[in-house]
> 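I am attaching a structure below and will ask some questions about it afterwards.
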Amino acid sequence: MARISCDLRFLLIPAAFMFIYIQMRLFQTQSQYADRLSSAIESENHCTSQMRGLIDEVSIKQSRIVALEDMKNRQDEELVQLKDLIQTFEKKGIAKLTQGGQMPVAAVVIMACSRADYLERTVKSVLTYQTPVASKYPLFISQDGSDQAVKSKSLSYNQLTYMQHLDFEPVVTERPGELTAYYKIARHYKWALDQLFYKHKFSRVIILEDDMEIAPDFFDYFEAAASLMDRDKTIMAASSWNDNGQKQFVHDPYALYRSDFFPGLGWMLKRSTWDELSPKWPKAYPDDWLRLKENHKGRQFIRPEVCRTYNFGEHGSSLGQFFSQYLEPIKLNDVKVDWKAKDLGYLTEGNYTKYFSGLVRQARPIQGSDLVLKAQNIKDDVRIRYKDQVEFERIAGEFGIFEEWKDGVPRTAYKGVVVFRIQTTRRVFLVGPDSVMQLGIRNS
C-alpha cells in the first residue's frame with residue numbers, strides 16, 4: 001500500500017504540471033480574446049460615432065434640400081407671375097402699336113445684343129420714318145442676353161415692344177476655331193421669329209440689325225414688296241440691300257431686281273415661308289444657309305439697286321470684315337420714291353425673265369484684256385462673258401465688286417448674271433456660261 005501511494009504521488013506531479021500548463025494556456029487565450037473583444041468594441045463604437053455623424057450630416061443636407069426646394073417653388077411662382085406680367089405688357093404694347101384696327105403690313109424687329117450705342121443710332125433712324133406709319137409696322141427690339149445697357153435703352157422707348165432672349169445652353173461649335181457668336185445669333189433669330197410669327201401672329205416680319213440706318217422710303221418699299229410677294233410665290237423674301245451697292249456702282253433709286261442670292265441685311269419674309277424654315281433652322285450661319293439651293297429651292301429674292309439700309313457696324317461678330325471696302329462706301333437711298341404709284345409687274349416670275357433678258361441682249365458685248373478701260377470708253381451698256389468661277393473672280397476683282405460665290409451663285413446674280421453700274425448710268429452685265437440659254441437669248 002505504501003508503494004501504491006508513492007506511485008500515485010509520482011503520477012500526480014505530471015498531472016499537476018499539465019493542469020498548470022492548461023490553465024496558463026487558457027488564461028493566455030482569454031487575454032487574447034479579451035483584447036480582440038475590446039478592439040472590436042472600440043471599432044464598433046467608432047463606427048457608431050461615424051454613423052451618427054453621417055446621419056447628422058444627411059439630416060442637415062436634407063434640411064437644406066427642403067429649403068432649396070421651397071426657394072425653387074417660390075421662384076417658379078414668381079417666374080410665372082413675371083411671365084404673365086410680361087405678356088400683359090406685350091399685349092398692351094402691341095394693342096397700342098396697332099391701335100386703329102388696321103392690320104399691320106409687317107412687324108419690324110431690331111436684333112440686338114450688347115451694343116447700346118449702335119442700338120440707339122438704329123432706333124433713332126427707324127423711328128424717324130416709322131412713327132407716321134406705326135400702325136402698319138409695329139416695332140420690336142429683341143435682345144439676346146442680359147446686357148443691362150441695351151436692356152435699359154430698349155425699355156426707355158414707349159414706341160416699341162421689348163423682347164429678351166435668355167439662352168443658357170452651352171454652345172458647341174462644329175469646327176475648331178469657330179466663333180460661338182454665330183451659333184448664338186442663329187438661336188436668337190429662330191427664337192425671335194418664332195415669337196413674332198407664332199406667338200404674336202404677324203403675317204410678315206422685317207428683320208433689322210442693331211447697326212443699321214434706313215432710307216426715307218424704307219417702309220413704302222416694303223409695302224410694295226409685300227404686295228408683290230403675295231402675288232408671286234416664287235419670291236422667297238424681299239431685301240433692302242445690294243451687296244454691290246457702293247456709290248460707284250449704283251445710280252437708279254427706282255430700279256429693282258430679282259436675285260438667286262439671298263442678300264440679307266434688312267429683309268422681309270412671310271409666315272408661310274417661316275413655317276418651312278423654322279423646323280430645320282441651322283445651328284449657325286443662317287445667311288449662308290439661306291443661300292443654299294436646297295433651301296431656297298429655285299425661288300428668288302427682290303433687291304433694290306440703291307440700298308434702303310446702311311450698315312455702320314464696323315465692330316461686331318464679323319469683326320469688321322470687309323467693312324472699309326464693301327460696307328462703308330454703300331450708298332443709302334435719299335430719294336422719297338412713291339412706290340404706290342409704281343407698277344412692279346415686271347418683277348413677277350412670268351415677266352421678269354423677258355424684261356431682264358432684254359436688258360442683257362441690248363448690251364454691247366466686249367471681251368479680251370483691259371475690260372474696265374473698254375467698258376469706260378463705250379457709251380452704252382456692256383456685257384462680258386465669263387466661263388467659270390475663277391474667271392468671274394478675276395473680272396470682278398478688276399472692277400472692284402464682290403467676288404464671292406455661295407453654292408455656285410455669285411453675289412447679286414440672277415441666272416448667273418451680275419449687273420452693276422459704271423460711270424453713273426451705264427450698266428455692266430457679267431454673264432455666266434449658261435446665262436444666255438437660261439434667259440432665252442442663245443442666238444444673240
> Do the side-chain N and O atoms of Glu223 and Ser227 include a donor-acceptor pair separated by under 3.5 angstrom?
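No.
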
> List for me each residue that meets side chain to side chain contact (heavy atoms under 4.5 Å, CB included) alongside Arg187, sequence neighbours excluded, and say none if there are none.
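Arg187: side chain to side chain contact (heavy atoms under 4.5 Å, CB included) contacts with His165, Asp167, Glu169, Val171.
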
> Between the side chains of Glu276 and Arg299, is the shortest nitrogen-to-carboxylate-oxygen separation below 4.0 Å, so that they form an ion pair?
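Glu276 and Arg299: salt-bridged.
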
> Run the side chain to side chain contact (heavy atoms under 4.5 Å, CB included) test against Glu391 and tell me which residues pass, sequence neighbours left out.
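Checked Glu391 against side chain to side chain contact (heavy atoms under 4.5 Å, CB included); matches are Tyr386, Lys387, Asp388, Arg394, Ile395.
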
> Using the test side chain to side chain donor-acceptor pair (under 3.5 Å), find all partners of Tyr257 that sit at least two apart in sequence or belong to another chain.
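Here the qualifying residues are Glu305, Arg427.
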
> Whether the Glu178 and Tyr285 side chains hold a donor-acceptor pair (N or O, under 3.5 Å, no angle test) is what I'd like checked.
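Distance-only check passes for Glu178 and Tyr285.
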
> With sequence neighbours left out, write down each residue that passes side chain to side chain donor-acceptor pair (under 3.5 Å) with Gln389, or none if nothing qualifies.
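By the side chain to side chain donor-acceptor pair (under 3.5 Å) rule, Gln389 matches Glu393.
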
> Indicate the atoms forming the closest heavy-atom contact of Val431 with Val436, along with that distance.
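In this case the closest contact between Val431 and Val436 is CG1-CG1, 4.0 Å.
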
> Any chance you could measure Lys354, atom NZ, to Leu359, atom CG, to the nearest 0.5 Å?
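These two atoms lie 13.0 Å from each other.
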
> Can you list everything that forms a side chain to side chain contact (heavy atoms under 4.5 Å, CB included) with Ser278? Sequence neighbours excluded, please.
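Ser278 satisfies side chain to side chain contact (heavy atoms under 4.5 Å, CB included) with Lys190, Asp194, Tyr198, Trp274 once adjacent residues are dropped.
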
> Can you tell me how far apart CD (Gln130) and CG (Leu139) are? Round to the nearest 0.5 Å.
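If I round to the nearest 0.5 Å, the distance is 5.0 Å.
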
> Going through the checks in order, is the ring-ring contact (aromatic ring centres under 6.0 Å, His included) test met by Tyr118 and Phe312?
CA-CA 8 Å; Tyr118 279 16; Phe312 58 83; 5.2 Å; yes

> So does Arg258 pair up with Asp232, basic N to acidic O under 4.0 Å?
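Yes, charged N to carboxylate O under 4.0 Å.
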
> Taking Gly345's backbone N and O only, do any of them form a donor-acceptor pair with Asn351's side chain (distance below 3.5 Å, no angle check)?
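Yes, Asn351 side chain to Gly345 backbone: donor-acceptor pair under 3.5 Å.
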
> Working to the nearest 0.5 angstrom, can you tell me the gap between Leu196 CG and Ile206 CD1?
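Answer rounded to 0.5 Å: 11.5 Å.
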
> So, applying ring-ring contact (aromatic ring centres under 6.0 Å, His included) with Phe202, which one of Phe197, Phe140, Tyr137 is it?
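By the ring-ring contact (aromatic ring centres under 6.0 Å, His included) criterion, Phe202 pairs with just one of Phe197, Phe140, Tyr137: Phe140.
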
> Under the rule for side chain to side chain donor-acceptor pair (under 3.5 Å), what residues qualify as partners of Lys336, not counting sequence neighbours?
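Lys336 satisfies side chain to side chain donor-acceptor pair (under 3.5 Å) with Asp220 only.
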
> I'd like to know if the side chain of Gln300 reaches the main chain of Thr234, judged simply by a donor and an acceptor atom lying under 3.5 Å from each other, with no hydrogens or angles considered.
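Not at all, since once roles are kept as given, no pair shorter than 3.5 Å links the two residues.
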
> For His251, give me all partners under ring-ring contact (aromatic ring centres under 6.0 Å, His included), at least two apart in sequence or on another chain.
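His251 satisfies ring-ring contact (aromatic ring centres under 6.0 Å, His included) with no other residue.
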
> Calculate, to the nearest 0.5 Å, the distance between atoms NE2 and CG belonging to His188 and Leu166 respectively.
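Reported to 0.5 Å precision, the distance equals 10.0 Å.
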
> Within the distance-only criterion (no hydrogens, no angle test), does the side chain of Ser152 pair as donor or acceptor with the backbone N or O of Gln148 below 3.5 angstrom?
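It does hold such a pair.
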
> Measuring centre to centre across the rings, with the benzene-like ring taken for any Trp, is Trp405 within less than 6.0 Å of Phe261?
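They do not qualify: ring centres at least 6.0 Å apart.
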
> Using a cut-off of 6.0 Å, state whether more than 12 heavy atoms not belonging to Lys184 lie near its atom NZ.
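Incorrect, the count does not exceed 12.
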
> Tell me if the NZ atom of Lys379 is crowded by more than 12 foreign heavy atoms within 6.0 Å.
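No, NZ of Lys379 has 12 or fewer neighbouring heavy atoms, counting only those of other groups under 6.0 Å.
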
> If I take atom CD1 from residue Ile302 and atom CD1 from residue Ile235, how far apart are they, to the nearest 0.5 angstrom?
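With rounding to 0.5 Å, CD1 (Ile302) is 4.0 Å from CD1 (Ile235).
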
> Where the side chain of Arg271 meets the backbone of Lys201, is there a donor-acceptor pair that is under 3.5 Å apart?
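Side chain of Arg271 to backbone of Lys201, a donor-acceptor pair under 3.5 Å: yes, one is there.
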
> My understanding is that only residues two or more places apart in sequence, or in another chain, count here; which of them pass ring-ring contact (aromatic ring centres under 6.0 Å, His included) with Tyr326?
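Residues passing ring-ring contact (aromatic ring centres under 6.0 Å, His included) with Tyr326: Phe322, Phe402.
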
> Roughly how far apart are Gln143 CD and Ile110 CD1, rounded to 0.5 Å?
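These two atoms lie 12.5 Å from each other.
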
> A quick test of your reading: do over 12 heavy atoms of other residues, nucleotides or ligands sit less than 6.0 Å from CD of Gln367?
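No.
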
> Could you check whether any side-chain N or O of Asn333 sits under 3.5 Å from a backbone N or O of Cys307, counting only pairs where one atom can act as donor and the other as acceptor?
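Side chain of Asn333 to backbone of Cys307, a donor-acceptor pair under 3.5 Å: no, none is there.
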
> Using ring-ring contact (aromatic ring centres under 6.0 Å, His included) as the criterion, point out the one residue from Trp241, Phe262, Trp267 that pairs with Phe301.
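For Phe301, the ring-ring contact (aromatic ring centres under 6.0 Å, His included) test succeeds with only one of Trp241, Phe262, Trp267, which is Phe262.
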
> Restricting to non-hydrogen atoms, name the atom on Asp144 and the atom on Cys113 that form the minimum distance, rounded to 0.1 Å.
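Nearest pair, atom of Asp144 first, then Cys113: O-SG, 3.4 Å.
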
> Do you know which two heavy atoms are closest between Leu269 and Ile207, and how far apart they sit?
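Leu269 and Ile207 have their closest heavy atoms at CD2-CD1, 3.5 Å.
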
> Checking side-chain polar atoms at under 3.5 Å, does Asp275 have a donor or acceptor matched by the opposite partner on Ser272?
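The criterion, which ignores hydrogens and geometry beyond distance, is not satisfied for Ser272 and Asp275.
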
> Would Asp230 and Arg204 pass as an ion pair if we require N to O under 4.0 Å?
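So Asp230 pairs with Arg204 through a salt bridge.
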
> Identify whether the distance between the nearest side-chain nitrogen and carboxylate oxygen of Arg115 and Asp210 falls below 4.0 Å.
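A salt bridge links Arg115 with Asp210.
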
> For Tyr355, check ring-ring contact (aromatic ring centres under 6.0 Å, His included) against everything at least two apart and list the hits.
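Tyr355 satisfies ring-ring contact (aromatic ring centres under 6.0 Å, His included) with Tyr346, Tyr352 only.
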
> Does atom CZ of Arg364 have more than 12 heavy-atom neighbours, drawn from other residues, nucleotides or ligands, at distances under 6.0 Å?
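It does not: Arg364 CZ has 12 such atoms or fewer within range.
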
> For residues 408-416, run the donor-acceptor check on the side chains, cut-off 3.5 Å, and write out each pair with its distance to 0.1 Å, sequence neighbours left out.
residue	atom	partner	partner atom	Å
Arg411	NE	Glu404	OE1	2.6
Arg411	NH1	Asp243	OD1	3.0
Arg411	NH1	Asp243	OD2	3.1
Arg411	NH2	Glu404	OE1	2.7
Tyr414	OH	Thr353	OG1	2.8

> Taking only residues two or more places apart in sequence, or in another chain, which ones meet Phe218 in a ring-ring contact (aromatic ring centres under 6.0 Å, His included)?
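So Phe218 forms a ring-ring contact (aromatic ring centres under 6.0 Å, His included) with Phe222.
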
> Kindly indicate whether the side chain of Glu294, heavy atoms from C-beta on, has any atom under 4.5 Å from the side chain of Lys280.
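No; the side chains remain at least 4.5 Å from each other.
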
> Answer yes or no: does atom NZ of Lys283 have more than 12 heavy-atom neighbours from other residues, nucleotides or ligands under 6.0 Å?
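Counting neighbours around NZ of Lys283, 12 or fewer heavy atoms of other residues, nucleotides or ligands fall under 6.0 Å, so no.
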
> If you compare all heavy atoms of Ile422 against all heavy atoms of Ala375, which two are closest, and at what distance to 0.1 Å?
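The pair with the smallest heavy-atom distance is CD1-CB, 4.1 Å.
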
> Is the side chain of Arg383 donor-acceptor paired with the backbone N or O of Arg361 at a distance under 3.5 Å, no angle test?
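Present.
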
> Tell me whether Ser125 contacts the main-chain N or O of Ile214 through its side chain, where contact means a donor paired with an acceptor under 3.5 Å.
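Flag set: sc Ser125 to bb Ile214 pair under 3.5 Å.
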
> Can you tell me if Lys124 has over 12 outside heavy atoms packed within less than 6.0 Å of its NZ?
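For Lys124, atom NZ is not crowded (no more than 12 foreign heavy atoms under 6.0 Å).
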
> Looking at every non-hydrogen atom in both residues, tell me the closest pair between Trp281 and Ala186 and how far apart they are.
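Answer, listing the atom of Trp281 first, then Ala186: NE1-O, 3.0 Å.
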
> Phe249: which residues meet the side chain to side chain contact (heavy atoms under 4.5 Å, CB included) condition with it, sequence neighbours left out?
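Side chain to side chain contact (heavy atoms under 4.5 Å, CB included) check on Phe249 returns Gln246, Ile401, Phe420.
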
> Any side-chain to backbone donor/acceptor pair from Thr131 onto Thr128? Under 3.5 Å, distance only.
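The answer is no, because no donor-acceptor pair under 3.5 Å joins these two groups.
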
> For Pro304 versus Tyr221, what's the shortest heavy-atom pair and its separation?
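Heavy atoms only, the tightest pair is CD-OH, 3.6 Å.
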
